[in-house]
Amino acid sequence: MKNNCIYFLILTVGLMLSCSEDTIEENGIGSLDGTVVDAVSKTPLANVKIVTNPSSSTVFTDVDGNFLIEAVKTGEYSVQAELEGYTDAFEAVTILSEQRSSVSFELVVGGDENRAPKVPELLSPENGASDLEAKVEFVWSSSANDTDEIVYTLQLRNGTTNEIQNIEVVADTMATVEKLRYGSNYFWQVTATDGENEPVQSVLGQFSTTTTPENDFLYVRSINGNSVIFSGGNDEDADDENTGEINFNEFQLTSETYNSFKPRRNVETSKIAFLRTVDGATQLHTMNLDGSDIKQVTNAIPLNGFRVSELNYTWAQNGGKLYYPSFDKLYSINPDGGGLSLIYQTPDGSFISEVSAAAFDDNLIALKTNDSNGYNVSVYTVRLSSGTIEQMVYRNTPGAVTGIDLDANGSRLVYAKDTSGSENTQYRQFSSRIYIYNLNTNSEALLNNGVTEGLNDVQPSWSPSEGEIIFTRKPSNLNSEPEIYISTLNNFSNDDLLFTNASMPDWE
C-alpha cells in the first residue's frame with residue numbers, strides 16, 4: 001500500500017510537470033525538426049524545401065530526409081514540404097519555448113498539375129492592428145504550384161457579434177471590405193483552393209476597428225421589409241473636389257432582423273432612443289452611439305395611437321426623461337425604464353401623436369393631436385406644471401400635419417402641413433410644405449424652398465445651431481422612395497440632398 005502511494009505521488013508530480021511544460025510562453029524561442037520520406041517506399045527524400053507559415057527560416061532536407069530549423073518563435077505554425085514531382089504536404093505544429101518540436105511528412109508522387117496552392121500568408125492588416133476604419137483592405141501572399149486557377153475565400157468574423165462574412169476572390173490576393181462595425185474586434189483567415197487538392201488555410205489574423213465615428217446624422221432605411229437605423233457623417237477625405245459631390249460615412253446601428261425607427265440622439269447622455277416593434281407593440285428603446293447595449297425602456301404601456309409611423313416622442317430634462325404618447329395620454333419615463341408617470345391627458349379625448357420639449361424650459365412642451373383617422377389636427381403648447389394649454393397654433397384644422405419640433409428657447413415651432421387639405425383613408429399627402437410658427441408673435445411663415453408639385457416635405461426638425469432645417473422629401477405617390485435634405489434659413493431655396501432611400505432624420 002505504501003509503495004502504491006509513493007508511485008501515485010510520483011505519477012501526479014510528473015503529470016503536473018508535464019502539463020506546465022506545455023505552456024506557450026510569449027516571445028519564447030524553440031526549434032523544429034523533422035523527416036520527409038516517400039509515402040510508398042518510405043525512402044528518405046533529400047532537397048525537400050521546408051517552409052513555415054508564419055514565416056521562419058527556409059531549409060532543405062539532407063540525404064537522410066532530415067531537417068532542422070532553429071530559433072523559431074513560439075506559436076502555432078503550418079509547415080509545408082515541397083519537392084518537384086511530389087504533391088505538397090502540410091502539417092500543423094506548436095512551437096514551445098526552449099523545446100524542440102517534430103513533424104514528419106510522407107510525400108505522394110504527383111504531377112505538377114495536381115499540386116496544392118501555397119499556404120496563404122496574411123500581410124495586411126498586420127496581426128493585432130487597431131483603430132482601423134470601417135473600410136479595410138486585406139492583402140495576402142500565395143500562388144499556385146501549377147497551372148490551376150486559385151480561388152481564395154476570405155473569412156471575416158466579428159468577435160463581438162460572431163457575424164461571419166465569406167468573400168470569394170478569384171486569382172487576386174487582395175480584397176476590400178466596407179461597412180465594418182466600429183469598436184469591434186475582427187478575426188480573418190484566407191483559404192486557397194485549386195479545385196483538385198485539399199484547400200489550404202492561412203493562420204488566423206486579428207485586428208480591431210476604431211470606436212464610433214462622430215457622425216452628425218441619424219436616419220432610417222427600409223431593408224427587407226424592416227426599418228433599420230443608420231448614422232451618417234461627412235467623409236471629407238472622400239469628397240470629390242472635381243464634381244463637388246459630398247460623400248458620407250454610413251454606419252448601420254440596428255439589425256435588419258428588427259423593425260427599428262424614429263432615432264433621437266441625446267448629447268447629455270450619449271444615448272440614442274428609438275422605437276422598435278416587439279411582439280406587435282411599439283416600444284421605446286435606448287442604445288449607445290455605436291448601436292451596442294440596446295435596452296427596452298417601455299413595457300406595459302407602449303406607444304399607441306394613429307399610425308405607428310406617425311407617432312413621435314422626445315427626450316426631456318437634459319436626457320433625464322423621455323415623453324411619449326399612448327392614445328389620449330402623455331407619459332414620462334426614465335431612460336432605465338423606471339419612474340413611469342402620466343403627465344398629461346387631452347381634454348377632448350383626441351389622440352396625441354407627437355410631442356416636443358423645449359431644451360431650456362422643462363415646463364414647456366408642444367403637442368400635435370388628431371382623431372383616430374389622423375385628421376382634425378390641433379397643435380398647441382402646454383405648461384406642464386398646470387396642465388393648461390398656453391398657445392394654440394391649430395385647432396381641428398383639416399388635412400395632415402407632421403413633424404413638430406420646438407426650438408431650444410420654446411419660441412419657434414417647425415412643422416409640415418399638407419396645403420391640399422386632403423383627407424383620405426390612406427393618409428396620403430399631396431402638397432406638404434414646411435412652416436415655422438413664431439410663438440412670440442403668433443405668426444406663421446411658409447419656408448419657400450422651391451419644392452415642385454408632386455413632392456412632399458415632411459418630418460422637419462431644427463439643426464443644432466437652429467440655422468438650418470433637416471427634413472424628408474418624397475413623392476406623393478404611395479410606396480415612393482424618400483430622401484433627406486437640408487436647407488439653411490437664410491437661403492432656403494438652395495437645399496442639399498444628404499441621403500437617398502432614407503427618412504426620419506435626426507440631427508443633434
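Judged by distance alone, the side chains of Thr419 and Ser431 do bring a donor and an acceptor atom under 3.5 Å apart. For Asn456 and Ser432, the side-chain atoms include no donor-acceptor pair closer than 3.5 Å. For the residue pair Glu121/Ser55, the side-chain donor-acceptor check at 3.5 Å is satisfied. A donor-acceptor contact closer than 3.5 angstrom is absent between the side chains of Glu508 and Asn266. In this model, no donor atom of one side chain and acceptor atom of the other lie less than 3.5 Å apart for Asp405 and Ser461. With 3.5 Å as the limit, one finds no donor-acceptor pair spanning the side chains of Asn373 and Glu423. Donor-acceptor pairing under 3.5 Å is recorded for the side chains of Ser463 and Ser465.
Minimum interatomic distance between Asp418 and Phe430 (heavy atoms only, all atoms of both residues): OD2-N, 3.3 Å. The heavy-atom pair separating Ser222 from Asn501 by the smallest distance is O-ND2, 4.1 Å. Ser480 approaches Pro475 most closely through the heavy-atom pair OG-O, 3.0 Å. Shown here for Phe261 and Ser227, the closest heavy-atom pair between the two residues is CB-CB, 4.0 Å. For the residue pair Asn363 and Ser385, the shortest heavy atom distance occurs at OD1-N, 2.7 Å. In this structure, Leu439 and Gly410 approach most closely via the heavy-atom pair CD1-O, 3.3 Å.
A donor-acceptor pair under 3.5 Å is formed between the side chain of Asp290 and the backbone N or O of Ser292. Proximity of a side-chain donor or acceptor of Thr269 to a complementary backbone N or O of Gly319 within less than 3.5 Å is not detected. With Asn334 contributing its side chain and Asp336 its backbone, the two residues share no donor-acceptor pair below 3.5 Å. Proximity of a side-chain donor or acceptor of Asn158 to a complementary backbone N or O of Thr161 within less than 3.5 Å is detected. Side-chain N or O atoms of Tyr219 include none that pairs as donor or acceptor with a backbone N or O of Pro263 at under 3.5 Å. Not one N or O on the side chain of Gln252 forms a donor-acceptor pair closer than 3.5 Å with the backbone of Val228. A side-chain donor-acceptor contact under 3.5 Å links Ser356 to the backbone of Leu406.
Screening Val382, Asp328, Val355 for a side chain to side chain contact (heavy atoms under 4.5 Å, CB included) with Tyr344, the sole residue that qualifies is Val382.
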side-chain contact (heavy atoms from CB on, under 4.5 Å) between Leu330 and Ile365, worked out = CA-CA 11 Å; Leu330 184 71; Ile365 61 170; 3.5 Å; yes
Steps toward side-chain hydrogen bond (donor to acceptor under 3.5 Å, both in side chains) verdict (Gln459, Tyr415) = CA-CA 7 Å; Gln459 302 166 346; Tyr415 50 89; over 6 Å; no
Checking side-chain contact (heavy atoms from CB on, under 4.5 Å) for the pair Ile469/Leu489: CA distance, chi angles, key distance, verdict?
-> CA-CA 7 Å; Ile469 301 291; Leu489 294 184; 3.7 Å; yes
Criterion side-chain contact (heavy atoms from CB on, under 4.5 Å) on Ile404 and Leu413, from CA distance to verdict = CA-CA 7 Å; Ile404 65 169; Leu413 185 69; 4.2 Å; yes
Show your reasoning for whether side-chain contact (heavy atoms from CB on, under 4.5 Å) applies to Leu275 and Leu303.
-> CA-CA 9 Å; Leu275 303 182; Leu303 278 78; 3.7 Å; yes
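Residues in residues 361-384 take part in these salt bridge (charged side-chain N to carboxylate O under 4.0 Å, His left out) pairs, two or more places apart or across chains: Glu354-Lys368, Asp361-Arg383, Arg383-Glu390. Sequence neighbours left out, the pairs with a member in residues 371-391 that pass ring pair (Phe, Tyr, Trp, His ring centres under 6.0 Å) are Tyr375-Tyr427. Sorted by first and then second residue, the pairs that involve residues 254-273 and meet salt bridge (charged side-chain N to carboxylate O under 4.0 Å, His left out), not counting sequence neighbours, are Lys271-Asp293. Residue pairs meeting the salt bridge (charged side-chain N to carboxylate O under 4.0 Å, His left out) criterion with at least one partner in residues 297-306, sequence neighbours excluded, are absent.
Note: Leu311 CG to Ser326 OG = 9.0 Å, rounded to the nearest 0.5 Å. We find the CD-CG distance between Gln206 and Asn127 to be 6.0 Å, quoted to the nearest 0.5 Å. Distance check, rounded to the nearest 0.5 Å: CZ of Arg276 to OG of Ser260 gives 3.5 Å. In this structure, the separation between CG on Asp506 and CD1 on Ile229 is 10.0 Å, given to the nearest 0.5 Å. Summarising the geometry, atom CG belonging to Leu123 is positioned 11.0 Å from atom CE belonging to Met174; distances are rounded to the nearest 0.5 Å. Atom OH of Tyr331 and atom CD1 of Ile343 lie 10.5 Å apart (nearest 0.5 Å).
Atom NZ of Lys474 is surrounded by 12 or fewer heavy atoms from other residues, nucleotides or ligands within 6.0 Å. Taking a 6.0 Å sphere around CD of Glu126, one finds it holds 12 or fewer heavy atoms contributed by other residues, nucleotides or ligands. Asn479 CG: 12 or fewer foreign heavy atoms inside a 6.0 Å radius.
Under the side chain to side chain contact (heavy atoms under 4.5 Å, CB included) criterion, Pro464 pairs with Trp507, not counting sequence neighbours. Applying the salt bridge (charged side-chain N to carboxylate O under 4.0 Å, His left out) test to Arg473 and every residue at least two apart in sequence or in another chain returns Asp457, Asp495. For the side chain to side chain contact (heavy atoms under 4.5 Å, CB included) test, residues two or more places apart in sequence or in another chain that qualify with Asn440 are Ser411, Asn438. A search for side chain to side chain contact (heavy atoms under 4.5 Å, CB included) contacts involving Gln189 returns Gln201, Ser202, Leu204, not counting sequence neighbours. For the salt bridge (charged side-chain N to carboxylate O under 4.0 Å, His left out) test, residues two or more places apart in sequence or in another chain that qualify with Glu466 are Arg412. Residues that satisfy the salt bridge (charged side-chain N to carboxylate O under 4.0 Å, His left out) test with Glu137, not counting sequence neighbours, are absent from this structure. For Thr298, the side chain to side chain contact (heavy atoms under 4.5 Å, CB included) partners two or more places apart in sequence, or in a different chain, are Gln283, Leu284, Tyr324, Ile333.
Residues Trp188 and Leu154 are in side-chain contact: their nearest non-hydrogen atoms beyond the backbone lie under 4.5 Å apart.
Annotation: cation-pi geometry not satisfied between Arg157 and Tyr186 (NZ/CZ under 6.0 angstrom from ring centroid, within 45° of ring axis).
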Name the atoms and distances for all side-chain donor-acceptor pairs under 3.5 Å in residues 164-171, with sequence neighbours left out.
from	atom 1	to	atom 2	distance (Å)
Asn166	OD1	Gln155	NE2	3.2

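Taking the six-membered ring for Trp and the full ring otherwise, the centers of Phe138 and Phe207 sit less than 6.0 Å from each other.
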